[in-house]
Asker: 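Following this message is one structure expressed as structure tokens.
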Amino acid sequence: MTIIGVIHTANKVRNTELLLEILKKEKPDVLLSETDTVSGYFTDRFTMVTPPSWYITARKLGLAKKMPPEMDMLYRYQAFNPNVIIHPFDHTIINRKKFVHNQETFEQQWTTDLNKAYDRNEIPDNLAPQHKIFISYNNYLYNLYEEDYMTINRPVVTDSLRKLMQIEYEHVSSLMKIVPRLKKYGSQFMDQHTYWKTRNEIMSQNILDFISMYKGRKIIVLTGILHKYYLEDLLSKYQTNKEFKLNNLTKDR
């Protein structure tokens, strides 16, 4: 089984066509997508819906909103290989668009106040060295959003994002207890951290269920790059009992 980290937006080096090329080379028997049965893309039986003809026509004319590149790729890969099995594996999120919007709004507000705290020297001296490391990792993540699929799936990137999320939790928790401007975010930050942990655990269990269901088949999981390290960590300990192996899409040179 291979977990491919993706970014839910497209650019010149990361889009439907390039992701499709990777899947054609990998030739999976089963594709698992980071979405759920209430997203509109899948039925309650975990099978992918067929877009209505009017939507297909509207897409060709440029009148319909584009799908995320990995979702668009699933339809195109299904046309290339009609025998492929495609399922969603995410925790059910009611009104996913609103959920994403609320997360992005919180992140923007938090980042704005964090930058103000830094610019106005409100970060305590004892946390300043850690804060510089925190900023460097965030800049690293920001730059990744311009990279191609092979780059963002290198093991060194996965390791770096694991470290980023660890630093974020430890450092941000400390900042919210000490910096007055940031204290108002403490409760929501902890709620999001708890939800993040729960969501990844549910994702990994769903993936394990599909591994058992399709034992011996070649499985590829498509997920956001910030989930990849977490899922790999959760799934790796089951490789012997569940009789599967986690493979890398790419290896560091």
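The first residue in the sequence is number 1, and the count goes up from there. This one's a predicted model, so the numbers in the text were calculated from it and none came from an experiment.
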Asker: Considering residues at least two apart in sequence or located in another chain, which fulfil the side chain to side chain donor-acceptor pair (under 3.5 Å) criterion with Thr151?
Answerer: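 Listed in chain order: Asp148.
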Asker: I need the Gln205 CD to Phe89 CZ distance, nearest 0.5 Å.
Answerer: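 Result: 13.5 Å between the selected atoms.
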Asker: State, with a plain yes or no, whether a side-chain heavy atom of Ile133 is found less than 4.5 Å away from one of His171.
Answerer: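 They are not in contact (no side-chain heavy atoms under 4.5 Å apart), so the answer is no.
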Asker: So, for Arg217 and Ile85, which heavy atoms are closest and what is the spacing to 0.1 Å?
Answerer: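 Answer, listing the atom of Arg217 first, then Ile85: NH1-CD1, 3.3 Å.
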Asker: Do the side chain of Tyr77 and the main chain of Leu19 share a donor and acceptor less than 3.5 angstrom apart?
Answerer: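 Pair absent, no side-chain N/O of Tyr77 close to backbone of Leu19.
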Asker: Kindly state whether the ring of Tyr195 and the ring of Phe99 have centres lying under 6.0 angstrom apart.
Answerer: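 Yes, the ring of Tyr195 comes within the 6.0 Å limit of the ring of Phe99, centre to centre.
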Asker: Compare every heavy atom of Asp36 with every heavy atom of His91, then report the nearest pair and how far apart it is.
Answerer: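 Distance-wise, the nearest heavy atoms are O-OD2, 3.5 Å.
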Asker: Between atom OH of Tyr142 and atom CD1 of Ile135, what is the distance when rounded to the nearest 0.5 Å?
Answerer: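 That separation rounds to 15.0 Å.
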Asker: What I'd like to find out is whether the side chain of Lys97 reaches to under 4.5 Å of the side chain of Val100, using heavy atoms alone.
Answerer: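 A side-chain contact is absent here, since even the closest heavy-atom pair is not under 4.5 Å.
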Asker: Rounded to the nearest 0.5 Å, what separates atom CG in Asn11 from atom CD in Glu147?
Answerer: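 Answer rounded to 0.5 Å: 9.0 Å.
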Asker: Compare all side-chain heavy atoms of Tyr75 with those of Met71 and state whether any distance is below 4.5 angstrom.
Answerer: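 Yes - at least one pair of side-chain heavy atoms lies under 4.5 Å apart.
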Asker: Main chain of Thr9, side chain of Arg14: is a donor-acceptor contact present, judged purely on distance under 3.5 Å?
Answerer: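 Yes, Arg14 side chain to Thr9 backbone: donor-acceptor pair under 3.5 Å.
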Asker: List the residues meeting salt bridge (Lys or Arg N to Asp or Glu O under 4.0 Å) with Arg181, not counting sequence neighbours, and say none if there are none.
Answerer: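 Scan of Arg181 (salt bridge (Lys or Arg N to Asp or Glu O under 4.0 Å), adjacent residues dropped) gives Glu122.
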Asker: Would His87 and Tyr214 count as a close aromatic pair, with their ring centres under 6.0 Å?
Answerer: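 Yes, they do, as the ring centres are separated by less than 6.0 Å.
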Asker: Report yes if the side chains of Asn206 and Ile202 come closer than 4.5 Å at any heavy-atom pair, otherwise no.
Answerer: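 Touching, per the 4.5 Å side-chain cut-off.
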Asker: Compare all side-chain heavy atoms of Val30 with those of Phe210 and state whether any distance is below 4.5 angstrom.
Answerer: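 No, every pair of side-chain atoms sits at 4.5 Å or beyond.
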Asker: Would you name the heavy atoms of Leu249 and Thr2 that are closest together and state the gap between them?
Answerer: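 Leu249 and Thr2 have their closest heavy atoms at N-CG2, 3.8 Å.
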Asker: Can you tell if the side chain of His193 reaches within under 4.5 Å of the side chain of Val172, non-hydrogen atoms only?
Answerer: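 SC-SC contact between His193 and Val172 ruled out.
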Asker: Can you list everything that forms a side chain to side chain donor-acceptor pair (under 3.5 Å) with Glu34? Sequence neighbours excluded, please.
Answerer: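 Arg199, Thr223.
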Asker: Determine, for Lys197 against Glu201, whether the closest basic-nitrogen to carboxylate-oxygen distance falls under 4.0 angstrom.
Answerer: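 Answer for the salt bridge query: yes.
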Asker: Nearest 0.5 Å please: distance from the CD1 atom of Ile4 over to the CG atom of Leu32.
Answerer: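 Output value for this atom pair is 11.0 Å.
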Asker: Tell me, please, which residues at least two apart from Ser236 pass side chain to side chain donor-acceptor pair (under 3.5 Å).
Answerer: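 Expected list: none.
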Asker: Spell out, as yes or no, whether a donor-acceptor pair under 3.5 Å connects the side chain of Thr111 to the backbone of Glu107.
Answerer: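 Side chain of Thr111 to backbone of Glu107, a donor-acceptor pair under 3.5 Å: yes, one is there.
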Asker: Once you round to the nearest 0.5 Å, how far does CG of Leu141 lie from CD1 of Ile152?
Answerer: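 Nearest 0.5 Å value for the CG-CD1 distance: 10.5 Å.
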Asker: Apply side chain to side chain donor-acceptor pair (under 3.5 Å) to residues Lys228 and Asn153 and explain how you reach the verdict.
Answerer: CA-CA 9 Å; Lys228 183 182 177 183; Asn153 279 282; 2.9 Å; yes
Asker: For His8, look at atom NE2 and say whether over 12 heavy atoms of other residues, nucleotides or ligands are found less than 6.0 Å away.
Answerer: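 More than 12 heavy atoms, drawn from other residues, nucleotides or ligands, come within 6.0 Å of this atom.
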Asker: Do Leu164 and Trp110 sit in the same hydrophobic cluster, where Ile, Leu, Val, Met, Phe, Trp and Tyr count as joined when their side-chain heavy atoms come under 4.5 Å apart?
Answerer: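 Leu164 clusters together with Trp110.
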Asker: Tell me, please, which residues at least two apart from Asn102 pass side-chain contact (heavy atoms from CB on, under 4.5 Å).
Answerer: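 For Asn102 the side-chain contact (heavy atoms from CB on, under 4.5 Å) partners, ignoring immediate neighbours, are Lys98.
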Asker: Out of the candidates Leu222, Asn247, Leu246, only one should pair with Ile3 under the side-chain contact (heavy atoms from CB on, under 4.5 Å) rule; please name it.
Answerer: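 That would be Leu246; it is the only one of Leu222, Asn247, Leu246 passing the side-chain contact (heavy atoms from CB on, under 4.5 Å) with Ile3.
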Asker: Looking at the rings of Phe106 and Phe189, which for Trp means the six-membered one, are their centres under 6.0 Å apart?
Answerer: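 Aromatic pair excluded; centres sit 6.0 Å or further apart.
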Asker: Yes or no on salt bridge (Lys or Arg N to Asp or Glu O under 4.0 Å) for Asp119 and Lys116, after CA distance, side-chain angles and deciding distance?
Answerer: CA-CA 5 Å; Asp119 293 339; Lys116 285 181 181 179; over 6 Å; no
Asker: Tell me if a side-chain donor or acceptor on Lys218 pairs with a main-chain N or O of Glu26 at a distance below 3.5 Å.
Answerer: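 Looks like yes, one N/O pair under 3.5 Å.
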Asker: Any side-chain to backbone donor/acceptor pair from Asn143 onto Asn139? Under 3.5 Å, distance only.
Answerer: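 Indeed, once roles are kept as given, a pair shorter than 3.5 Å links the two residues.
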Asker: Would you say Phe42 has more than 12 foreign heavy atoms packed within less than 6.0 Å of its CZ?
Answerer: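 Correct, the count exceeds 12.
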Asker: Keeping the roles fixed (side chain from Lys27, backbone from Lys24), state whether a donor-acceptor pair exists under 3.5 Å.
Answerer: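 Such a contact is found between Lys27 side chain and Lys24 backbone.
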Asker: Taking all non-hydrogen atoms of both residues, which atom of Leu234 and which atom of Ser204 are closest, and how far apart?
Answerer: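 For Leu234 and Ser204, the tightest heavy-atom pair comes out as CD1-OG, 3.6 Å.
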Asker: Examine Leu23 and Val13 and state if one hydrophobic cluster contains both, with Ile, Leu, Val, Met, Phe, Trp and Tyr joined whenever side-chain heavy atoms are less than 4.5 Å apart.
Answerer: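 Different clusters: Leu23 never reaches Val13 through Ile, Leu, Val, Met, Phe, Trp or Tyr contacts under 4.5 Å.
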Asker: Do Asn248 and Thr158 have side chains that get closer than 4.5 Å, going by heavy atoms?
Answerer: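 A side-chain contact is absent here, since even the closest heavy-atom pair is not under 4.5 Å.
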Asker: Okay, side chain of Asp72, backbone of Pro68: is any donor-acceptor separation there less than 3.5 Å?
Answerer: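 No; judged by distance alone, with no hydrogens or angles, the pair does not exist.
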Asker: For residues Phe244 and Ile219, determine if any side-chain heavy atom of one lies less than 4.5 Å from a side-chain heavy atom of the other.
Answerer: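 SC-SC contact between Phe244 and Ile219 ruled out.
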Asker: Can you sort out the partners of Lys184 under side-chain contact (heavy atoms from CB on, under 4.5 Å), two or more places apart, ordered by chain and number?
Answerer: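 For Lys184, the residues satisfying side-chain contact (heavy atoms from CB on, under 4.5 Å) (neighbours in sequence not counted) are Asp113.
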